Amino acid sequence: MLITNDVFHAFLKCETKAYLTFSGAVATECELKDGQQRIVEEYKRRYFGICRAHCDESPSRIGTSFPQDFDDQNTRFIFDCLVQADKMVSHIHAIERLPSPGTDTANVCVPIRCVPAEKITTHERLLLAFDALVLSQHFGKLPPFGKIIHGNQPIASKVTLSASLLAAVQAILGKIAVGQTISATPELVLNPHCSECEFRTRCRQIAMEKDDLSLLSRMTAQERTKQHNKGIFTLTQFSYTFRLRKQRKRDIDKPRKYYTALTALAMREQKMYILGKPALPLTRNPVYLDVEGIPDQDFYYLIGIRFKRGTSYVQHSFWANDLAEEQVMWSTFIEAIANIDNPQLIYYGNYEKVFLQRMKQRYPKAIETLSFLDRLIKESINVLSIIYAQIYFPTYANGLKDIAQYLGFQWSHRSASGAQSLLWRHQWELTKSPELQQQLITYNLEDCEALECVVNTIIQLNQRQENPEIAVDDNVVRAESLMQGYPYGERRFSIPAMEAINKAAYWDYQRDQVYVKSSKRLHAIAQRQSKSRMQAFTVDKIIVYPHPVVCPHCKSTALNKRRRNSRIVHDLHFSRYGIERQILQYVSHNYTCYECATKFHVQPSPWADRKYADFSDTWFQQASMYIPGRYPMKALHIQWIINTHIQCHWRGGRACPLASRYANVSSNALAS
């Protein structure tokens, strides 16, 4: 099967998406993805127009296949061309013909990729390198570099096609080829790209049916792999692993760790769990703040606030058409905050805090008294920092949308999100539509209202903790209460007899581990038992390797003896009277040559780096020759040798982990 640039791009985002793309799976409509594709197409047409305007003397083509229509040496540009070579197909945005920089008279064809964003990501560089590899299949020569056109004011950035970049592309192509050959669906893992993927409905439905761990957005891939190694694959299984550790006195003032398993428990029980005392330091009139911006451009275009004045709520929105109006928007916002009696800013996440600090540095003259702004920033409250690791909602993520929707709040637009707002803003910049502007303002103010809903819930939870007379909500549980029973509840056994066995095991534990600490007599008995268990074998024979005569490198005789090496090996000694255990100690030394400074050591026995000596078919044949009269059957000879070896080296009736290997050797010996 052919590897297209769409499959390659999908693999960078998600392996499952790449598999579904090349297998031709049916995709659902995704407004966010369709909008992003329209933005790219509009940006490409804009760049094509700029290129044609500056290159009137050179012909160009658009929407052709390569290289049939690129034979004309006068053609400088080909736009939207399809290139196919060696099981790879790429829809390259543009190809530019440049004269060779060296003595070679052949021209160089450079791939060009158009990216509307201001900043170039690693994925864009990998896609450009993929285009270059496809081009190199036709010319037999790799382009020295490529170009990425990006930014609102199109800027051409030169990207060198380094060996590490090409190696990364080749590795990805190898993984895609293996996936196409196997034709097996890769492991489904939900990730942040799912919000803009056309297969998100299908994947989320499968994950919900499987109760997959990747549903928890806070769970890292490393933690998920760790749970898989333990045999835990579902959220229900994972929820039973929650164990609340007792906090040390010196760590009481420190923030608690985040328990992912407690989130899984909240999802299983559909209850809110409170850990610690999530205090909300409201000392002034709360002003709920939400900011919208374009991260690539470091530009903020919308500020929304919501506060209470008397018995009614007041909402204000501050809009900036472009970067030139950002300072005016900021100044108007500060004036509105100054007119509020004792304001205290409340926001969700770190985005608004960074916004306040950047605006303070970017426009220091926009406010007369910096102390007022410093107090606003210092006394502001990040609600997410209070919820994190203290309030566990039965939601898969800790985002404002997830928690507010659980609490009953709904946005007017069903697909409202931060990524969707960026798409609306881009469409507004193209059309200047008042409807789109109002849609963005409504979304921003609804975020402020959702934030207020979350804050009111936290206040109610705090009131229940401080005032026992308030009715207890069955949907709210204190995590500390789970420590009252073991394992966080009453222990129940499916088989009644197991309860008696478990009690007996606990008695043994008390006798060996607990009572020993309070009784000197029992402590002395335990020490004697441990000494008998840990008694070392007596070495029967010490084998010392002789001093080497010459250096193996330069044949010099001037050698210096250095560190001593020792190794204990367990072996069996055979005689005509029977078999006995034999403990061998191999001793050798490291040496240094005075002439060439070579460091070496004498090579010990082939099995000197193991705990047990080597056993082979020849070993069994030699063993059977020593006792021909006692056991006439060879099978009994070998079985007796194996059992004797296991009894010699493994005490207490424990199973020998090497028994299977010895059994295989014995079967080979029997067959001979």
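As the structure is a computational prediction, the values presented were derived from the model and not from experiment.
- In this model, no donor atom of one side chain and acceptor atom of the other lie less than 3.5 Å apart for Gln222 and Thr220.
- The main-chain N or O of Tyr348 is never found under 3.5 Å from a side-chain atom of Asn382 such that the two would form a donor-acceptor pair.
- A tilted orientation is assigned to the rings of Tyr301 and Phe299, their planes being inclined by 30° to 60°.
- Between Gln420 and Glu31 the shortest side-chain heavy-atom distance falls below 4.5 Å.
- Here CG of Asn191 is found 11.5 Å from OG of Ser217. Values are rounded to the nearest 0.5 Å.
- Side-chain atoms of Val134 and Asn5, non-hydrogen and from C-beta on, never get closer than 4.5 Å to each other.
- Two residues are said to be in side-chain contact when any heavy atoms from C-beta on lie closer than 4.5 Å; Ile337 and Leu373 fail this criterion.
- Taking the six-membered ring for Trp and the full ring otherwise, Tyr258 and Tyr392 have centroids separated by under 6.0 Å.
- At a threshold of 4.0 Å, the pair Glu96-Lys147 counts as salt-bridged, since one of the basic side-chain nitrogens sits closer than that to a carboxylate oxygen.
- The nearest pair of heavy atoms linking Leu161 to Ala129 is CD2-CA, 4.0 Å.
- A salt bridge links Asp374 with Lys360: the distance from a Lys NZ or Arg NE/NH1/NH2 to an Asp or Glu carboxylate oxygen falls below 4.0 Å.
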Criterion side chain to side chain donor-acceptor pair (under 3.5 Å) on Ser162 and Ser164, from CA distance to verdict: CA-CA 5 Å; Ser162 61; Ser164 59; 3.2 Å; yes
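- The cationic atom of Lys158 (NZ for Lys, CZ for Arg) lies less than 6.0 Å from the six-membered ring centre of Phe145 and within 45° of the ring axis.
- In terms of modelled atom types and a separation under 3.5 Å, the side chain of His150 and the main chain of Glu118 share a donor-acceptor contact.
- A pairwise comparison of heavy atoms in Leu451 and Leu289 identifies CD2-O, 4.1 Å as the closest pair.
- Cys448 is not listed as a side-chain neighbour of Ile305, based on a closest heavy-atom distance of 4.5 Å or more.
- The aromatic rings of Trp428 and Trp319 sit perpendicular to each other, their planes meeting at more than 60°, with 30° as the lower class boundary.
- In summary, Glu42 and Arg46 do not engage in a salt bridge, as defined by a charged side-chain N under 4.0 Å from a carboxylate O.
- When every heavy atom of Ala404 is checked against every heavy atom of Ala450, the shortest pair comes out as CB-CB, 3.8 Å.
- In this structure, Lys175 does not pair ionically with Glu15, as no charged nitrogen and carboxylate oxygen lie closer than 4.0 Å.
- Checked by atom type and distance alone, the side chain of Ser214 never pairs as donor or acceptor with a backbone atom of Val189 at under 3.5 Å.
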Would Glu326 and Met359 count as a side chain to side chain contact (heavy atoms under 4.5 Å, CB included) here? Give the steps. CA-CA 9 Å; Glu326 186 182 59; Met359 291 297 102; 3.9 Å; yes
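- Under a 3.5 Å cut-off, the side chain of Tyr43 and the backbone N or O of Gly151 do form a donor-acceptor pair.
- Closest of all the heavy-atom pairs between Phe393 and Ile391 is CE1-CG2, 3.4 Å.
- At distances below 3.5 Å, not a single donor-acceptor pair connects side-chain atoms of Ser380 with backbone N or O atoms of Ile346.
- Taking CZ of Arg358 as the start and NZ of Lys353 as the end, the distance is 13.5 Å to the nearest 0.5 Å.
- Residues Leu2 and Gln84 meet the side-chain proximity criterion, which asks for heavy atoms closer than 4.5 Å.
- Between Thr395 and Thr263, the closest heavy-atom pair is O-CG2, 3.6 Å.
- Between the Gln237 side chain and the Phe233 main chain, a donor and an acceptor come within less than 3.5 Å of each other.
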After noting the C-alpha distance and the side-chain angles of Glu292 and Asp447, does the key distance pass the side chain to side chain contact (heavy atoms under 4.5 Å, CB included) rule? CA-CA 10 Å; Glu292 306 296 337; Asp447 278 355; 3.7 Å; yes
Checking Thr442 against Trp411 for the side chain to side chain contact (heavy atoms under 4.5 Å, CB included) test, could you report, in this order, the C-alpha distance in whole Å, the side-chain angles of both residues, the deciding distance, and whether it holds? CA-CA 9 Å; Thr442 302; Trp411 275 258; over 6 Å; no
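- Judged by distance alone, the side chain of Ser331 and the main-chain N or O of Val328 form no donor-acceptor pair under 3.5 Å.
- A donor-acceptor pair under 3.5 Å is absent between the side-chain atoms of Glu124 and the main chain of Ile120, judged by distance alone.
- Residues Arg204 and Tyr396 form a side-chain contact, since some pair of their non-hydrogen atoms from C-beta on lies under 4.5 Å apart.
- Under the 3.5 Å distance criterion, the side-chain polar atoms of Arg202 are left unmatched by any main-chain donor or acceptor of Phe199.
- In this structure, Leu235 CG and Asp212 CG are separated by 7.5 Å, a value rounded to the nearest 0.5 Å.
- Between Glu41 and Lys44 there is a salt bridge, with a side-chain nitrogen of the basic residue lying less than 4.0 Å from a carboxylate oxygen of the acidic one.
- The distance from the CD1 atom of Ile172 to the CZ atom of Phe130 is 10.5 Å, given to the nearest 0.5 Å.
- For the pair Lys17 and Thr21, the tightest heavy-atom approach, listed with the atom from each and the gap, is O-OG1, 2.7 Å.
- Counting only heavy atoms from C-beta outward, the side chains of Asn444 and Ile441 never approach each other to under 4.5 Å.
- The distance from atom OG1 of Thr332 to atom CD of Gln327, rounded to the nearest 0.5 Å, is 10.0 Å.
- Thr121 is linked by a side-chain hydrogen bond (donor to acceptor under 3.5 Å, both in side chains) to nothing, counting only residues two or more places apart in sequence or in another chain.
- By the 4.5 Å heavy-atom criterion applied to side chains, Leu173 and Met88 are counted as neighbours.
- One N or O on the side chain of Gln390 and one on the backbone of Ile386 form a donor-acceptor pair closer than 3.5 Å.
- We find the CG-OH distance between Asp290 and Tyr347 to be 12.5 Å, quoted to the nearest 0.5 Å.
- Stacking of Lys257 on the aromatic ring of Tyr259 is recorded, both the 6.0 Å distance cut-off and the 45° axial limit being met.
- Looking at Phe333, Tyr363, Tyr351, Trp330 one by one, the single match for ring pair (Phe, Tyr, Trp, His ring centres under 6.0 Å) with Tyr300 turns out to be Tyr351.
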Does the side chain to side chain contact (heavy atoms under 4.5 Å, CB included) test come out yes or no for Lys13 and His123, once each step is laid out? CA-CA 9 Å; Lys13 302 292 185 181; His123 286 182; 3.6 Å; yes
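- Under a cut-off of 6.0 angstrom, the local environment of NZ in Lys432 is crowded, with over 12 non-hydrogen atoms contributed by other residues, nucleotides or ligands.
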